[in-house]
Number of protein chains: 4
Amino acid sequence: MPAAKKKTTTASASPERRRELLTIAAEVFAAHGYNATTVRRIADEAGMLAGSLYYHFDSKESMLDEILSSFLTELWDGYDAVLAAVLGPRETIEALVTESFREIDRHRAAVAIYQKESKHLAAQPRFGYLADSQQKFKKAWLGTLERGVAGGAFRADLDIRLTYRFVRDTVWVAASWYRPGGQHSPEEIARQYLSMVLDGIAVRT
Amino acid sequence: MPAAKKKTTTASASPERRRELLTIAAEVFAAHGYNATTVRRIADEAGMLAGSLYYHFDSKESMLDEILSSFLTELWDGYDAVLAAVLGPRETIEALVTESFREIDRHRAAVAIYQKESKHLAAQPRFGYLADSQQKFKKAWLGTLERGVAGGAFRADLDIRLTYRFVRDTVWVAASWYRPGGQHSPEEIARQYLSMVLDGIAVRT
Amino acid sequence: MPAAKKKTTTASASPERRRELLTIAAEVFAAHGYNATTVRRIADEAGMLAGSLYYHFDSKESMLDEILSSFLTELWDGYDAVLAAVLGPRETIEALVTESFREIDRHRAAVAIYQKESKHLAAQPRFGYLADSQQKFKKAWLGTLERGVAGGAFRADLDIRLTYRFVRDTVWVAASWYRPGGQHSPEEIARQYLSMVLDGIAVRT
Amino acid sequence: MPAAKKKTTTASASPERRRELLTIAAEVFAAHGYNATTVRRIADEAGMLAGSLYYHFDSKESMLDEILSSFLTELWDGYDAVLAAVLGPRETIEALVTESFREIDRHRAAVAIYQKESKHLAAQPRFGYLADSQQKFKKAWLGTLERGVAGGAFRADLDIRLTYRFVRDTVWVAASWYRPGGQHSPEEIARQYLSMVLDGIAVRT
DNA sequence: CATGAATGAGAGTTCATTCAT
DNA sequence: AATGAATGAACTCTCATTCAT
């Protein structure tokens, strides 16, 4: 008997099928929005009946939960590695942005869902970890930006909170148009994005 | 005059009350998402019963329609004025961005709704004008960026389509956190945003 | 203070306007059915707003009531005159049928409504007079048919109740296709109908 | 076989249950009228909740549709057989009438619904087949009557269109009072009806 | 007399969820 | 593992009716 007191009802069976179903669900959630997605639609896409999903999952919400939490877990694995390396501020930003685009590449659907739904989900206790993550995220970025300003790497005349918001949003919004397997690799997109954010789009005079 | 007057599609009634109700509806749509918003909730917020809304509007969807279309109408009034002035590429970008933040200031809720819902709404015939607008929008921005690159105002080493997407998204995503009456005026936010996008956040070496 | 304890609220004003409105209402009821007819529709047709009808009438139901009861009153004026004349059975049938088609000519809409709705209305206490009328109607017709059979005017080999039903229904169903001012006068239709019912459509051999 | 199977428009499920539910629905529609019948009422009668009906049917309207169309299909099976036999005019009329009463016996509720609702339903595209059927019906009857007049079987002094209407209506109106399992078999009713229509109710002089 | 705005009950419908098989 | 059938709550919308103006 493991430590977790989760219902073992749904925990059974091949984790592979779960993965498949979650991938399908994530895709549909991303395409149509969580609320607008019916459980029937997911089941259709998976070639089963709506009720059958409940053999695998407790509820529609728990699918969403699993999609988002496993995405965030992976994301923070990457971020924590970057932050633990204690690079210079510019290099940290570069590494975080690159990591982010890699994550978008891997979890496009989850990121798109996160983008659209996290705001109102964060209020629910079940999704408290979304707020926690955002907090941690903010701390990491703001800290790095501050270090950069203090060290003379970043401009001091910009409002640091505005800068944070702009940088944060542009990175993640990319999930709404990014298509894996397209022309640009995530690293290439990161490079271009960083070039723009760090050095601007105007020609230097 | 016994001639029958056709239904004006509930367009009658005092336009002031309509405005009030639409403002309330937009706020609720923006806060919770269109789908997750019940007509009852809007009515509650307006101090009336759900059914009473149907004296003023045909449907929940027509409220959304009116919110989005009147926002876009105003937006394009501003944009068209800027584009008609035929400024230099950098000045055009500056004017468009400033205009956009002003619009966010005036129609925060509508912009937030647009941000979240336009993608899947654009598929419906009724909301075809969303796709049209996006098309026009893209043309204006891409054209200006191309002019800027050709004229030496903007860097030629950046992928112009990626640049367009980044610029476009960051501007509008601001609607998700912007609060009118806050510390920064829309013009101030535009200034900072432009400074960042045009000249970068890194200190020039 | 008169004997009736009716609300005098709606009893006011020009009876002519009431007539007009009732004529309109009857037409719409007949065309679309009582249940499917909205009070708004009637008001539209009358060039006023739905609420305004309630100055003239207590309720939608009371319009229906007035339409049906005033039709039945007129109908029985005619029938009672015929029955009081104590004609022979064949002549009585002829007179009743002719009277009926005249009534259809005068009150087409009311008859059509009666045809469609009387069956389930008769169960409601308010419309008890519909059942009463039907009873009286049945008695008059069955009595005449019996007299005719006894006296040798009508065939004895037919089931008298079936005959009654057929005769009754065919007369009134005419209201569903009859258009006043058409090719045939009510008297002409009555003549043809009687010829058919009394003598059959087959050529005598 | 991973190929997606399109919605069969709820046409799945055991056809038996569908039949049962449609029989119940038809009964309630016939008794109270389509509009006045609530989906909840049908569900009650079927011992289930209103929402559960939607597992079997798309909508209230589609129940009506199925009731009427399957009735008409059967009806025309019978009629077409009669017409294909190319009998004499009198015999054709006799066969059509008999067939009609048999159909009333089998589908009393459907016929009653048809009688009450077909007129305004026929205007809707979905129920266009009602108008088609009526057209075919009219052609068959009028043609037979004309043949009969030409061949000397039917009286030439009657207006053939009026005759058609009378005959048509009386047959079908029977559905409003007919109770299966009563004193008279459909064939007996047909016989009496034909005797009346063909030879009249008056004694021959 | 009529309007404009609202009420409130109830309608048809949707959908996450359950559960015996 | 999955199906088929049902539940029950909630939703959007309709409509007869009311009433202050």
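Atom set for the values below is all heavy atoms of this structure, side chains included, hydrogens, waters and symmetry mates excluded. Chain A is the first sequence line, chain B the second, and so forth, proteins listed ahead of strands; every chain is numbered from 1.
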Nearest-Å distance, [atom1] ([X]) to [atom2] ([N])?
X: Asp44(B); N: dG8(E); atom1: CG; atom2: P; value: 13 Å
X: Leu21(A); N: dA1(F); atom1: CG; atom2: P; value: 10 Å
X: Arg17(B); N: dA6(E); atom1: CZ; atom2: C1'; value: 10 Å
X: Ile42(B); N: dA10(F); atom1: CD1; atom2: C1'; value: 15 Å
X: Phe57(B); N: dC13(F); atom1: CZ; atom2: C1'; value: 15 Å
X: Glu16(A); N: dA1(F); atom1: CD; atom2: C1'; value: 15 Å
X: Glu20(C); N: dC1(E); atom1: CD; atom2: C1'; value: 13 Å
X: Leu49(D); N: dA11(E); atom1: CG; atom2: C1'; value: 16 Å

Where DNA chain F forms runs of at least three Watson-Crick or G-U pairs (i with j, i+1 with j-1, under 3.5 Å), the stems are E:2-21 with F:2-21
Item to check | Step-by-step salt bridge (Lys or Arg N to Asp or Glu O under 4.0 Å) determination, Glu20(D) to Arg17(D) | outcome: CA-CA 5 Å; Glu20(D) 280 174 44; Arg17(D) 191 78 177 109; 2.9 Å; yes
Donor-acceptor under 3.5 Å ([X] side chain, [Y] main chain):
X: Lys119(D); Y: Ala31(C); value: no
X: Ser133(A); Y: Tyr129(A); value: no
X: Glu117(B); Y: Tyr34(B); value: yes
X: Thr23(D); Y: Arg19(D); value: yes
X: Ser62(B); Y: Ser59(B); value: yes
X: Lys60(B); Y: Thr37(B); value: yes

Tell me whether the OP1 or OP2 atom of dA2(F) has a side-chain N or O from His56(A) closer than 4.0 Å.
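His56(A) to dA2(F) OP1/OP2: side-chain N or O found under 4.0 Å.
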* Tell me whether the OP1 or OP2 atom of dA5(E) has a side-chain N or O from Tyr55(B) closer than 4.0 Å. =>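 So the side-chain polar atoms of Tyr55(B) do come within 4.0 Å of the phosphate oxygens OP1 or OP2 of dA5(E), strictly under.
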Reading nucleotides 15-21 of chain E from 5' to 3' and marking B where a protein heavy atom lies under 4.0 Å of the base, S where only the sugar-phosphate is that close, and - otherwise, the string is SSBB---
Return yes when atom CZ of Arg126(D) has more than 12 non-hydrogen atoms of other residues, nucleotides or ligands closer than 6.0 Å, and no otherwise. yes
Please enumerate all residues that pass side chain to side chain contact (heavy atoms under 4.5 Å, CB included) together with Ala25(A), with sequence neighbours excluded.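 For Ala25(A), the residues satisfying side chain to side chain contact (heavy atoms under 4.5 Å, CB included) (neighbours in sequence not counted) are Phe29(A), Ile42(A), Met63(A), Ile67(A).
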